[in-house]
Amino acid sequence: MLEYGMDQDTLGKKIFILYPQSVIQDELLDILIMAGFESYILHDHKRALKLLAQFPDSIMFINIDEKLPEKEWEEYVRGIQEDPQTKNCKLGILSYNTDKALMQKYLMDISVPCGYIQLKLGIKESTKIMLGALEANEARGKRKYIRALCAADANATVNIKGSSGFYFGTILDISAAGIAARFEKFEELPPNTLIREMQLKLRGGLVLTDAVLMGKRNDNVLIFLFDVTRMNPDHKLVIHRFIKYTLQHYIDSLKI
C-alpha cells in the first residue's frame with residue numbers, strides 16, 4: 001500500500017478503528033482515506049490483537065462503549081501497552097462518555113498517546129481531533145496518497161481509446177493519483193502522452209478522466225497519472241471508496 005515511486009521507508013502506519021459506531025463508520029472512514037491515511041475497520045477485539053502483533057507500528061482507536069465492560073477495556077488497553085509484541089502500537093479512545101475521571105484515567109494514568117475523543121462533540125469535531133492525533137504521530141508517513149493493490153477478483157478495469165481502436169486493461173493498483181494496469185496490447189506512445197477520457201470501471205462504479213502515460217513498469221504494465229485538477233468530484237469519491245473497499249478486503253482476508 002504505497003505511493004508511486006516510493007520505497008518501504010516512506011510508508012505510513014496502518015490505522016485500525018475497533019468497534020466504531022455504525023452512525024459514524026462510513027463517514028469517518030471516507031474522511032480518513034481521502035486524507036491519505038491507510039485505515040481499516042475491525043469488529044473483533046481478539047483478532048485485533050493478532051493484527052497489532054503483525055503490524056507493530058500501527059495505530060488503533062478503540063470504542064470503549066461497545067462489546068466489553070469498561071473495566072475489561074482498561075485491562076485490554078494495558079495489556080496491549082505491556083505486551084512486547086504490541087507495546088509499540090499507539091492507542092486512542094473513542095467514547096460518548098464525558099466522565100472526566102474516565103478521561104483522566106486513559107490520558108494520564110494509562111497514557112494513551114492518541115487521545116480520548118469525545119464522540120458527543122459530533123462527527124466533524126471528533127474527526128478533526130482524530131486527524132490531529134494522526135498527524136502528530138506521523139501516521140501518513142511521507143506519502144500523499146494510499147496505493148491499494150487490487151486482488152485478482154477486484155473487478156477493476158480500464159478502457160482507453162487509441163488511434164487504432166480501444167484498449168482494455170486490468171487495474172493492478174490504484175491511488176487517488178493514478179493507476180498501474182496490465183494490457184494485452186497497447187500502441188507505442190512516448191512518456192507524458194496525454195490520454196483523453198480514460199474510463200475506469202471499479203466494482204460497478206464508473207470514472208471518466210484525462211490521464212498522462214508516465215511509462216512502463218514492464219512490457220505490458222503501464223502507469224498513468226490522473227489529471228486530478230479537472231476530475232469530477234463524484235468520480236474522485238468513486239476512486240476513494242474503491243480504495244476503502246480494497247483496503248478493507250485485504251485486511252479481512254488475512255489468515256491470522
Side-chain angles (χ1 to χ4, degrees), residues 1 11-33 35-141 146 244 247-248 250-252 254 256:
M1 311 297 179
L11 285 176
K13 306 175 191 296
K14 284 180 171 54
I15 298 140
F16 300 113
I17 306 171
L18 180 59
Y19 298 127
Q21 287 82 354
S22 58
V23 293
I24 70 169
Q25 174 176 315
D26 288 338
E27 186 175 353
L28 173 62
L29 207 62
D30 279 345
I31 293 170
L32 293 179
I33 294 292
F37 294 106
E38 187 183 333
S39 307
Y40 306 88
I41 297 296
L42 302 179
H43 294 288
D44 184 334
H45 58 281
K46 293 181 180 179
R47 186 171 188 269
L49 295 177
K50 297 177 181 179
L51 286 168
L52 293 185
Q54 184 161 337
F55 303 105
D57 195 35
S58 56
I59 292 172
M60 184 164 73
F61 290 92
I62 303 169
N63 173 21
I64 61 171
D65 298 343
E66 298 288 333
K67 201 68 175 180
L68 301 178
E70 195 283 314
K71 183 62 178 176
E72 291 185 29
W73 276 127
E74 178 184 344
E75 294 172 358
Y76 183 85
V77 170
R78 290 186 186 276
I80 291 172
Q81 297 192 149
E82 294 169 1
D83 189 323
Q85 287 190 297
T86 58
K87 66 180 183 179
N88 290 329
C89 299
K90 296 181 180 180
L91 303 178
I93 303 299
L94 303 173
S95 179
Y96 279 102
N97 195 325
T98 58
D99 181 72
K100 291 185 178 180
L102 183 65
M103 188 185 307
Q104 174 92 0
K105 177 172 67 175
Y106 280 101
L107 291 177
M108 305 303 293
D109 299 343
I110 303 177
S111 299
V112 292
C114 292
Y116 184 107
I117 299 174
Q118 292 186 357
L119 297 173
K120 278 192 174 181
L121 296 173
I123 181 65
K124 289 185 179 180
E125 187 61 29
S126 298
T127 305
K128 180 180 177 182
I129 296 169
M130 185 181 291
L131 289 171
L134 294 174
E135 293 285 3
N137 285 279
E138 300 180 333
R140 193 189 288 109
I146 306 163
K244 178 177 71 171
L247 292 177
Q248 192 66 42
Y250 156 73
I251 213 71
D252 290 344
L254 285 179
I256 60 171

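Computed from a predicted model, the values in this text were never measured in an experiment.
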Answer whether the closest heavy-atom distance between the side chains of [X] and [Y] falls below 4.5 Å.
X    : Y    : answer
F37  : I59  : no
I80  : M60  : yes
Y40  : L51  : no
D65  : Q21  : yes
L28  : Q25  : no
E74  : R78  : yes
R140 : L134 : no
I93  : V77  : yes

Original post:
In terms of heavy-atom contacts, does NZ of K105 have more than 12 from other residues, nucleotides or ligands at under 6.0 Å?
Top reply: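 Yes.
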
[atom1]/[X] to [atom2]/[Y] distance, rounded to the nearest 0.5 angstrom?
X    : Y    : atom1 : atom2 : result
L29  : T127 : CG    : OG1   : 10.5 Å
L119 : T98  : CG    : OG1   : 11.5 Å
Y19  : D44  : OH    : CG    : 5.5 Å
I64  : Y106 : CD1   : OH    : 4.5 Å
F16  : S39  : CZ    : OG    : 10.0 Å
N97  : K120 : CG    : NZ    : 8.0 Å

Considering non-hydrogen atoms only, spot the tightest contact between [X] and [Y] and give its length.
X    : Y    : result
I146 : I33  : CD1-O, 3.9 Å
I251 : R47  : O-NH2, 2.9 Å
W73  : E66  : NE1-O, 2.8 Å
L102 : D99  : N-OD2, 2.8 Å
C114 : A133 : O-CB, 3.7 Å
Q81  : I110 : NE2-O, 3.0 Å

Original post:
Does the distance from a Lys or Arg side-chain N to an Asp or Glu carboxylate O, for E75 and K71, drop under 4.0 Å?
Top reply: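 The answer is no: the pair does not qualify as a salt bridge.
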
**OP:** Determine, step by step, whether L94 and M130 satisfy the side chain to side chain contact (heavy atoms under 4.5 Å, CB included) criterion, reporting the C-alpha distance in whole Å, the side-chain angles of both residues, the deciding distance to 0.1 Å, and the verdict.
**Re:** CA-CA 10 Å; L94 303 173; M130 185 181 291; 3.6 Å; yes

Original post:
If only atom types and distance count, is the side chain of Y76 paired as donor or acceptor with the main-chain N or O of L68 below 3.5 Å?
Top reply: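 Such a contact is absent between Y76 side chain and L68 backbone.
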
Subject >> Criterion side chain to side chain contact (heavy atoms under 4.5 Å, CB included) on E72 and K67, from CA distance to verdict >> reply: CA-CA 10 Å; E72 291 185 29; K67 201 68 175 180; over 6 Å; no

